[in-house]
A.B. asks: 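Attaching a single structure in structure tokens format; questions to follow.
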Amino acid sequence: AMTRWVITYNKDNNTSTLEIESPNKPTMEQAVRHTLKMARQRYEEQEPSEVDEDLRGPAVLLAERFGITITGITQA
């Protein structure tokens with residue numbers, strides 16, 4: 001059975017949430033990937049820096065491109 005989880009994130013000094021469904025509690029990396037996917041649809045990306053994307057993890061991309069930091073993962 002799927003469980004609803006709430007990813008809490010901070011952007012521009014505001015706290016927002018993203019709900020996802022997953023059978024188990026998402027890891028931080030999974031939460032980052034879900035949030036990155038949502039951010040690409042919802043927010044304007046900042047200019048990418050010169051560093052190759054592959055050299056950085058998704059959490060760094062999330063912070064650099066969208067100014068988003070994940071602050072929590074809780075059951076809905």
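Both backbone and side-chain heavy atoms feed into the values below; hydrogens, waters and symmetry mates do not.
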A.B. asks: Hey, could you give me the CG/NE2 distance between Leu62 and His34, rounded to the nearest 0.5 Å?
C.D. replies: 13.0 Å
A.B. asks: Test: salt bridge (Lys or Arg N to Asp or Glu O under 4.0 Å). Region: residues 67-76. Which pairs qualify, not counting sequence neighbours?
C.D. replies: none
A.B. asks: Under 3.5 Å, sequence neighbours excluded: what are the donor-acceptor pairs made by side chains of residues 8-15?
C.D. replies:
residue: Tyr9; atom: OH; partner: Tyr43; partner atom: OH; Å: 2.8
residue: Lys11; atom: NZ; partner: Phe66; partner atom: O; Å: 2.9
residue: Asn14; atom: ND2; partner: Asp12; partner atom: O; Å: 3.4

A.B. asks: Using every non-hydrogen atom in the two residues, find where Ala31 and Pro26 come nearest and quote the distance to one decimal.
C.D. replies: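 Minimum heavy-atom separation between Ala31 and Pro26: N-CB, 4.4 Å.
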A.B. asks: Excluding sequence neighbours, so at least two apart, what forms salt bridge (Lys or Arg N to Asp or Glu O under 4.0 Å) with Glu44?
C.D. replies: none
A.B. asks: Considering only heavy atoms from C-beta outward, does the side chain of Ile7 approach that of Thr17 to under 4.5 Å?
C.D. replies: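 Side chain of Ile7 against side chain of Thr17, heavy atoms only: no contact under 4.5 Å found.
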A.B. asks: Is Arg4 paired with Glu21 through a side-chain N to carboxylate O contact shorter than 4.0 Å?
C.D. replies: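 No salt bridge links Glu21 with Arg4.
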A.B. asks: What residues, two or more places apart in sequence or in another chain, satisfy side chain to side chain donor-acceptor pair (under 3.5 Å) together with Gln75?
C.D. replies: none
A.B. asks: Glu29: which residues meet the side chain to side chain donor-acceptor pair (under 3.5 Å) condition with it, sequence neighbours left out?
C.D. replies: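 Here the qualifying residues are Arg33.
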A.B. asks: Nearest heavy-atom pair of Ala76 and Val6: which atoms, and what distance?
C.D. replies: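 Taking every non-hydrogen atom into account, CB-CG2, 3.8 Å.
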A.B. asks: Do you know the tightest heavy-atom contact between Thr3 and Pro23?
C.D. replies: OG1-O, 4.0 Å
A.B. asks: What is the distance from atom CG of Leu36 to atom CG of Leu18, rounded to the nearest 0.5 Å?
C.D. replies: 11.5 Å
A.B. asks: Working to the nearest 0.5 Å, report the span between CE of Met38 and CD of Gln41.
C.D. replies: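 Taking CE in Met38 and CD in Gln41, the distance rounds to 9.0 Å.
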A.B. asks: Which residues satisfy the side chain to side chain contact (heavy atoms under 4.5 Å, CB included) test with Lys25, sequence neighbours excluded?
C.D. replies: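 Lys25: side chain to side chain contact (heavy atoms under 4.5 Å, CB included) contacts with Trp5, Ile73.
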A.B. asks: Check whether Gln30 reaches the backbone of Thr27 with its side chain - one donor and one acceptor, N or O, closer than 3.5 Å.
C.D. replies: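 Side chain of Gln30 to backbone of Thr27, a donor-acceptor pair under 3.5 Å: yes, one is there.
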